[in-house]
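To start, the structure under review is shown below, and the notes come after it.
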There are 2 protein chains.
Amino acid sequence: MDSSSTTRRQATRQKLYEAAVTLIAEKGFSATTVDEIADRAGVAKGTVYYNFKSKTELFEELLRHGVGLLTRSLRSAAEQTDERGGTRVEALDAMIRAGLAFIDRYPAFTQLYVAELWRTNRAWQSTLLVLRQEAVAVVEGVLRDGVAAGELSEEIDIQLTAAALVGMVLVAALDWQAFQPERTIDDVHSALSLLLHGRVSGR
Amino acid sequence: MDSSSTTRRQATRQKLYEAAVTLIAEKGFSATTVDEIADRAGVAKGTVYYNFKSKTELFEELLRHGVGLLTRSLRSAAEQTDERGGTRVEALDAMIRAGLAFIDRYPAFTQLYVAELWRTNRAWQSTLLVLRQEAVAVVEGVLRDGVAAGELSEEIDIQLTAAALVGMVLVAALDWQAFQPERTIDDVHSALSLLLHGRVSGR
DNA sequence: ACTTTTGCACTGACCAGTCAGTTCAAAAGC
DNA sequence: GCTTTTGAACTGACTGGTCAGTGCAAAAGT
């Protein structure tokens, strides 16, 4: 009774997340109707409101869910490099790959995240800010360690460089998905790796 | 008659663009009402429909207008470097600065552009694709010239590298605007320049 | 003169959220 | 074993409100 019903609810919520994420990525939050989400999830509209208190709350929990996955994936990439005794630059490289793999697996979520991140005055703005901070902090941490270890130049601005690296991965990956989906993840990874290692214009 | 009436219309349209761009950047296209746009522009609702055939068309023309400004600004930065006899890497640097200056001046437009760019199935999707291509092509052109001149590594993937550079600038600039607006454009520019020149992790 | 803008009432479609009722599997009673 | 009860999960018709777009006569601008 406990386990079975908990499982059923969980499964319903999962279906609703999956339906909502693609619709909202395609059309945006406001243009997506609750009826559509319910339809695509194969569920009645009432069920949406049985599981979430509002359309907005469904969306916020979806954001939490997705960013949680991303943050864990980045952190794990960094930690694994650590355990293997790799350098901080190798950790950054591993995180780029983890980021690409995430976007490859959840392209709709990524689209939606990018579209909402810099909006102001929206209900979920504060939620999103916290989530963003968690994800970027992982990158910043590795950069800081790299500078401390003398692997990275002391000149770098941690915050801006972290943002720039995230942007690099994000935009390159979305472009890959949208405009040349036939490329492999390795292709994209090496293009970005080249930039990270300063082999584009640096000698 | 021609010039004077054209000017009045032009001024009204400009007011509508300005009103629409901030509202849509904040709330998204669907959540922004025509009444709000008219109000903020200090204009009657009927005027909106006298000047544009629909809300969607107003938005599409706004996109064209904004991306036109950006593309011209990037191209001009590259050309000026050229005339001065600068290298292609210097041209890229100048374009980074031009990109930052654009985002600094039109932050709302940039937010809105990013939010819409990777959406699929929207009415203005095809418009946006063409516009994106125009802007990215400028960067790709400079990269190609750089490789041809032996200034840039032949290993680089033009398309992906262009996307990555654009992403770097975009995300770093939006982060600058949103989370540390006290920084100067020079600060941000040097952080990105460091990455471009491979002085972050390269030796 | 003629173009552009105003103000405002109106319509019809659409949509978030509600609620009274249904389903069904597991627990309780016998 | 088998019936009855319980309650969580789900359903879908309905409501109240919102909004894009229209129509038009009068005013303002050039």
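Lettering follows sequence order; numbering is per chain, from 1.
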Could you tell me how the ring of A:Y113 sits relative to the ring of A:F109: parallel (under 30°), tilted (30 to 60°) or perpendicular (over 60°)? parallel
Whole angstrom value for the distance that separates C1' of D:dA25 from OH of B:Y50: 16 Å
Of all residues at least two apart in sequence or in a different chain, which pass the side-chain hydrogen bond (donor to acceptor under 3.5 Å, both in side chains) check with B:T33? B:E36
Could you tell me the separation between the CZ atom of B:R8 and the P atom of C:dC2, rounded to a whole number of Å? 16 Å
d(CZ, A:R13; P, D:dC10) in whole Å: 10 Å
Hey, are the side chains of B:R75 and B:E79 touching, using non-hydrogen atoms and a 4.5 Å cut-off? yes
Look only at the side chain of B:S190 and the backbone of B:D187, and say whether a donor-acceptor pair between them is shorter than 3.5 Å. yes
Distance check: side-chain N/O of B:R9 vs OP1/OP2 of C:dT4, anything under 4.0 Å? yes
Taking only side-chain N and O atoms of A:N51, does any of them lie within less than 4.0 angstrom of OP1 or OP2 on D:dA8? no
Rounding to an integer number of Å, can you tell me how far A:Q10 CD sits from D:dA8 P? 17 Å
For nucleotides 16-22 of chain C, 5' to 3', base contacts (B), sugar-phosphate-only contacts (S) and non-contacts (-) with protein non-hydrogen atoms under 4.0 Å give BBB----
Output the rounded distance in Å from CG (B:L23) to P (D:dA20). 12 Å
Looking only at side-chain N and O atoms, does A:T47 come under 4.0 Å of OP1 or OP2 in D:dA9? no
Side-chain N or O of A:T12 closer than 4.0 Å to phosphate OP1/OP2 of D:dC10: yes
Integer-rounded Å distance: D:dA20 P and B:F59 CZ: 14 Å
Show every side chain to side chain donor-acceptor pair (under 3.5 Å) that has at least one partner inside residues 45-57 of chain A, sequence neighbours left out. A:D35-A:K45
Centre of B:F59's six-membered ring, under 6.0 Å away, within 45 degrees of the axis: is that where NZ or CZ of B:R122 sits? no
Rounded to whole Å, how long is the line connecting atom CZ of B:F52 with atom C1' of C:dT4? 14 Å
Select base, sugar-phosphate, or nothing to describe what B:V43 touches, counting heavy atoms under 4.0 Å on all strands. sugar-phosphate
Indicate whether any N or O donor in one side chain lies under 3.5 Å from an N or O acceptor in the other, for B:T81 and B:E90. no
